[in-house]
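Residue numbers start at 1 and run along the sequence shown. For clarity, every value in this text was computed on a predicted model and none was experimentally measured.
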Amino acid sequence: MLTNRVLFVILFSLAIPLSNAAESFEITSAKAVSFKDGKLYVSAGYPRNHEGFQSQLKRIWNNSNAPIQNDSYDQKWKEVSIDQIEAVYGQIDKLYFTIFGDEIQKHEALKARIFEWGCEGSLIPILDLGYHRFNDTPREWGVGAIGVSTLEVNPELHRLEEALIPKDFYGNGQYPGGWELWINGVKRFSYVARRQAHNPEPENLVIDHLSGEVRKIVERSPFDVRC
């Protein structure tokens with residue numbers, strides 16, 4: 001039997017509104033993460049990263065005095081400023097939550113780089129999210145990232161409630177997976193990951209439990225074009 005004190009605490013906690021940061025919190029992009037030498041990288045442009053921007057990226061590359069570095073694939077890299085990237089794309093996402101397994105981390109991109117993709121020579125702009133802090137070492141493409149509007153919240157990952165998934169998104173008997181994102185202790189978003197078998201387009205569903213909005217969000221990786 002609940003005591004009056006315990007009942008008061010429960011009722012009081014239910015009456016606490018979301019903070020301003022939580023209310024304004026939004027998911028703005030979804031990206032696959034490139035994991036290399038302990039660091040996490042995401043595409044800078046969204047949802048188009050380098051197609052149609054080669055002349056502008058070449059200009060940034062040529063104007064950069066940063067030394068050229070070569071990676072293990074013998075691809076050339078240069079550090080550039082985020083301001084230079086935004087001069088091409090407009091405002092870009094710089095705040096991210098990265099997700100690996102059941103862990104979630106906060107990141108702010110402070111550096112940008114351009115590398116010459118050895119596959120077919122395109123210049124690829126990426127953001128450096130810094131070193132990972134997951135308990136286990138991720139695979140090369142094992143981490144996901146969502147661009148967000150603020151980091152001033154406390155995120156938690158929960159298992160996705162299957163009943164919330166629209167049936168027309170994945171078909172009968174197919175469970176695409178995903179997770180719930182709780183912000184400051186309140187369920188805020190459900191993220192439904194697509195599966196190529198039921199949706200060949202790189203689109204995922206985001207369900208906003210504050211507004212009731214359901215929208216599709218495009219997922220992109222640092223490499224927009226496969227060779």
Side-chain angles (χ1 to χ4, degrees), residues 16-35 39-49 81-83 85-86 88-113 125-135 138 141-161 164-165 169 176-194 202-224:
I16 298 175
L18 288 173
S19 67
N20 289 336
E23 288 179 348
S24 62
F25 176 84
E26 283 292 338
I27 294 175
T28 53
S29 61
K31 303 176 182 181
V33 175
S34 173
F35 174 67
K39 282 195 169 186
L40 305 172
Y41 299 97
V42 295
S43 55
Y46 184 83
R48 290 192 302 148
N49 194 35
S81 73
I82 291 179
D83 288 344
I85 299 296
E86 287 193 311
V88 175
Y89 294 95
Q91 185 176 358
I92 59 176
D93 287 344
K94 295 181 283 292
L95 306 178
Y96 292 89
F97 288 156
T98 56
I99 297 169
F100 178 55
D102 59 358
E103 295 183 73
I104 184 168
Q105 297 180 352
K106 298 179 180 181
H107 300 267
E108 180 177 2
L110 299 176
K111 295 180 180 180
R113 305 179 196 277
I126 60 174
L127 299 177
D128 182 343
L129 300 186
Y131 289 99
H132 88 89
R133 301 179 300 279
F134 298 114
N135 290 327
W141 295 99
V143 178
I146 52 173
V148 296
S149 56
T150 178
L151 296 179
E152 296 178 4
V153 293
N154 298 310
E156 302 172 34
L157 286 181
H158 290 253
R159 182 179 176 84
L160 181 66
E161 185 179 343
L164 295 174
I165 305 175
F169 185 71
W179 34 259
E180 289 178 357
L181 185 62
W182 289 54
I183 299 297
N184 295 349
V186 177
K187 181 166 69 173
R188 180 62 200 279
F189 288 100
S190 291
Y191 186 94
V192 186
R194 66 116 183 185
E203 296 175 336
N204 306 278
L205 287 187
V206 173
I207 303 171
D208 187 338
H209 296 287
L210 187 64
S211 67
E213 176 190 16
V214 178
R215 59 188 169 96
K216 290 183 178 181
I217 190 166
V218 176
E219 180 180 340
R220 293 294 187 207
S221 79
F223 307 101
D224 293 339

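A pairwise comparison of heavy atoms in Pro138 and Val143 identifies CB-CG2, 3.4 Å as the closest pair. Nearest heavy atoms, Val153 versus Pro155: O-CD, 3.3 Å. Ser190 and Glu180 make their closest contact through OG-CG, 3.6 Å (heavy atoms, listed as atom of the first residue, atom of the second, distance). Annotation for Phe97 and Lys106: closest pair CE2-CG, 3.4 Å, computed over non-hydrogen atoms. Contact record, Val148 with Tyr96: CG2-N, 4.2 Å, taken as the closest heavy-atom pair. When all heavy atoms are compared, the tightest approach of Ala112 to Ile82 is CB-CG1, 3.9 Å.
Residues Ser34 and Val42 form no side-chain contact, since every pair of their non-hydrogen atoms from C-beta on lies 4.5 Å or further apart. Put simply, the side chain of Tyr191 reaches to within 4.5 Å of the side chain of Asn204, judged on heavy atoms.
Looking at Lys31, its side chain does come within 3.5 Å of a backbone N or O of Ser43 through a donor-acceptor pair. At least one donor-acceptor pair closer than 3.5 Å links the side chain of Arg188 to the backbone N or O of Phe25. At distances below 3.5 Å, not a single donor-acceptor pair connects side-chain atoms of Asp93 with backbone N or O atoms of Leu95. Of the possible donor and acceptor atoms, none in the side chain of Asn154 sits under 3.5 Å from a partner among the backbone N and O of Asn184.
Between Phe35 and His132, the angle of the ring planes goes over 60°, which puts this pair in the perpendicular group of the 30/60° scheme.
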